[in-house]
Amino acid sequence: MALITQKPKGTQDVKPEEAYKWHTVEKLAADTAESYGFKEIRFPTFENTKLFNRSVGDTTDVVQKEMYSVTAKSAANGKDPDDFTLRPEGTAGAARAVIENGMLNDALPQKVYYVISCFRHEKPQAGRLREFHQFGAEMYGSALPSADADMIAMAKTYICRLGIKDVELNINSIGCPKCRAEYHKELKNYFEGRKDELCGTCRERLEKNPMRILDCKSPICQDIAKDAPIILDYLCEECSDHFEKLKKMLKAMSIEYTVNPKIVRGLDYYTKTVFEFVSTHIGAQGTICGGGRYDGLIEELGGNSVPALGFAMGLERLIMTMENEGCDFEQPKRCSLYIAAMDDSALEKTVVMVKKLRDEGFWAEYDLAGRGLKAQMKYANKIGAEFALVLGSNEIESGKAMLKDMETGEQTEISLGDKFIDNFSNIAVAKMFSNVLEDMT
Ligand code: HAM
């Protein structure tokens, strides 16, 4: 029985009282992306497995070890032979969607963003989940280094708007297929000498894609990779020039960075620029953002030859960083008014008043549990109502009631007639402003 009340390993529930943190990061993501001219795109949670094999790459950890691939029950009967996979990331699905919808035939660059759930069968730990969420952004159609700088600037703007301070930007260039051919040869030579010490997966990678050994999670492979040749020493003129121009632009925008030649990223589609933002506040899984250029992917997937680039950030890691740095989240809406009804005729008036308040956008509440007056006021307090009002036969007869400020205990007489909503609204707004002023002083 316990199994059905336990969430799957590596997943998280967001309780209602924590949801405002998610609203903060999601709202600011949309806001920032839109101010950089990105429009939201939505695409399926699962895609044909081949899409990920082709784009993420079939020698990557993600494809070899971490994908959740699913087959419909009917497929077992031979009715539906398709093999689907829950998206481990967003770049592949977004690229498939822009190609399929002909978006790359419009004026370029095309700029899209998404906020999605992703699935990877990794070993769960703090900041590493099996279902996690990404805010990602992709730009199609610019080969210029200024596009790389623009993308990094947007990621940085978002991180700053969240209030995160302690973050480091690491950049690198992993070249293009031209310069990588030479580099692969050198890498192969290097690892060949210690082939027997590599893990089984990396021994296979040595033949197909030696660069993947550089981000293997096995500690032994990591140790061997420490002194491996670095790609920056093998860049062709075009890639080197692209990287120099990017660095210049970042400097011009006062965006601090470190060139880290060890960053190769764990996905195969990257070319030229790669980058990561790392937080020092959330432990070993500190990479809050990863991205880079992927000029060959669109063509690889069957589209035109269109250069592209992007990034994605883990929302769980961003929220953890914000919590650990003490950043502000946008506070959730509060209950404005609790109306406590003393008897059935008061309840009839209460439901009408509450409906009118809600129609005007206020969060208003009344008793739905058959509580007595004392218990109703206790409940109003518990849910954090800003004001409360008691309705009994006296109040209904006189058309007036005392509005109680639940924080100060102060009572103000308020008319229950036609002007009730206006009068209440004025009092609530005045209180909101006085709270804001108090916070500022
Ligand atoms: P990625 O580096 O695999 O890149 O993931 C991007 C971010 O997602 C990471 O920096 C991290 O914050 C978060 N993340 C990844 N795996 C997990 C996990 N298991 N648990 C929690 N958070 C995680 C990509 O996914 C690329 N698609 C980024 C990109 C977009 N490149 C170009 N465009």
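Residues take their numbers from the sequence shown, with the count starting at 1. The basis for the numbers below is simple: all heavy atoms, side chains too, and nothing from hydrogens, waters or symmetry mates. This structure is a prediction, so every number in the text was calculated from the model and none was measured. Both ligands and their constituent atoms are indexed starting at 1 by order of listing.
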Review point. Side chains of C289 and E276: does their closest heavy-atom pair fall under 4.5 Å?
Key: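 With C-beta onward as the side chain, the pair stays apart.
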Review point. Do the side chains of T91 and Y294 get nearer than 4.5 Å, heavy atoms only?
Key: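 Yes, their side chains come closer than 4.5 Å.
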Exercise for review: Might you confirm whether atom NZ of K431 has over 12 heavy atoms from other residues, nucleotides or ligands at distances under 6.0 Å?
Suggested key: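 More than 12 within 6.0 Å, yes.
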Review point. Counting only heavy atoms not in D166, do more than 12 fall under 6.0 Å of its CG?
Key: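 Correct, the count exceeds 12.
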Check your understanding: Does D367 use its side chain to pair, donor to acceptor, with the backbone of A369 at less than 3.5 Å?
Key ->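 Yes, D367 side chain to A369 backbone: donor-acceptor pair under 3.5 Å.
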Review point. On the ring face of F52, is R87 found with NZ or CZ under 6.0 Å from the centre and within 45° of the axis?
Key: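 No, a cation-pi geometry is absent between R87 and F52.
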Are there any protein N or O atoms under 3.5 Å from the N or O atoms of ligand 1? List them with distances, or say none.
unit_1   : atom_1 : unit_2 : atom_2 : d
ligand 1 : 2 (O)  : R265   : NH1    : 3.0
ligand 1 : 2 (O)  : R265   : NH2    : 2.9
ligand 1 : 3 (O)  : R120   : NH1    : 3.0
ligand 1 : 3 (O)  : R120   : NH2    : 2.8
ligand 1 : 4 (O)  : R265   : NH2    : 2.9
ligand 1 : 5 (O)  : Q134   : NE2    : 3.3
ligand 1 : 8 (O)  : Q134   : NE2    : 3.2
ligand 1 : 10 (O) : T287   : O      : 3.3
ligand 1 : 12 (O) : T287   : O      : 2.9
ligand 1 : 12 (O) : I288   : O      : 3.4
ligand 1 : 12 (O) : G314   : N      : 3.1
ligand 1 : 16 (N) : R120   : NH1    : 3.4
ligand 1 : 19 (N) : E122   : OE2    : 2.7
ligand 1 : 19 (N) : L129   : O      : 2.8
ligand 1 : 20 (N) : L129   : N      : 2.9
ligand 1 : 25 (O) : R120   : NH2    : 3.2
ligand 1 : 25 (O) : Q134   : NE2    : 3.0
ligand 1 : 27 (N) : E89    : OE1    : 2.6
ligand 1 : 27 (N) : T91    : OG1    : 2.8
ligand 1 : 27 (N) : Y269   : OH     : 2.9
ligand 1 : 31 (N) : Y270   : OH     : 2.6
ligand 1 : 33 (N) : T91    : OG1    : 3.2
ligand 1 : 33 (N) : E138   : OE1    : 2.8
ligand 1 : 33 (N) : E138   : OE2    : 3.1
ligand 1 : 33 (N) : F311   : N      : 3.3

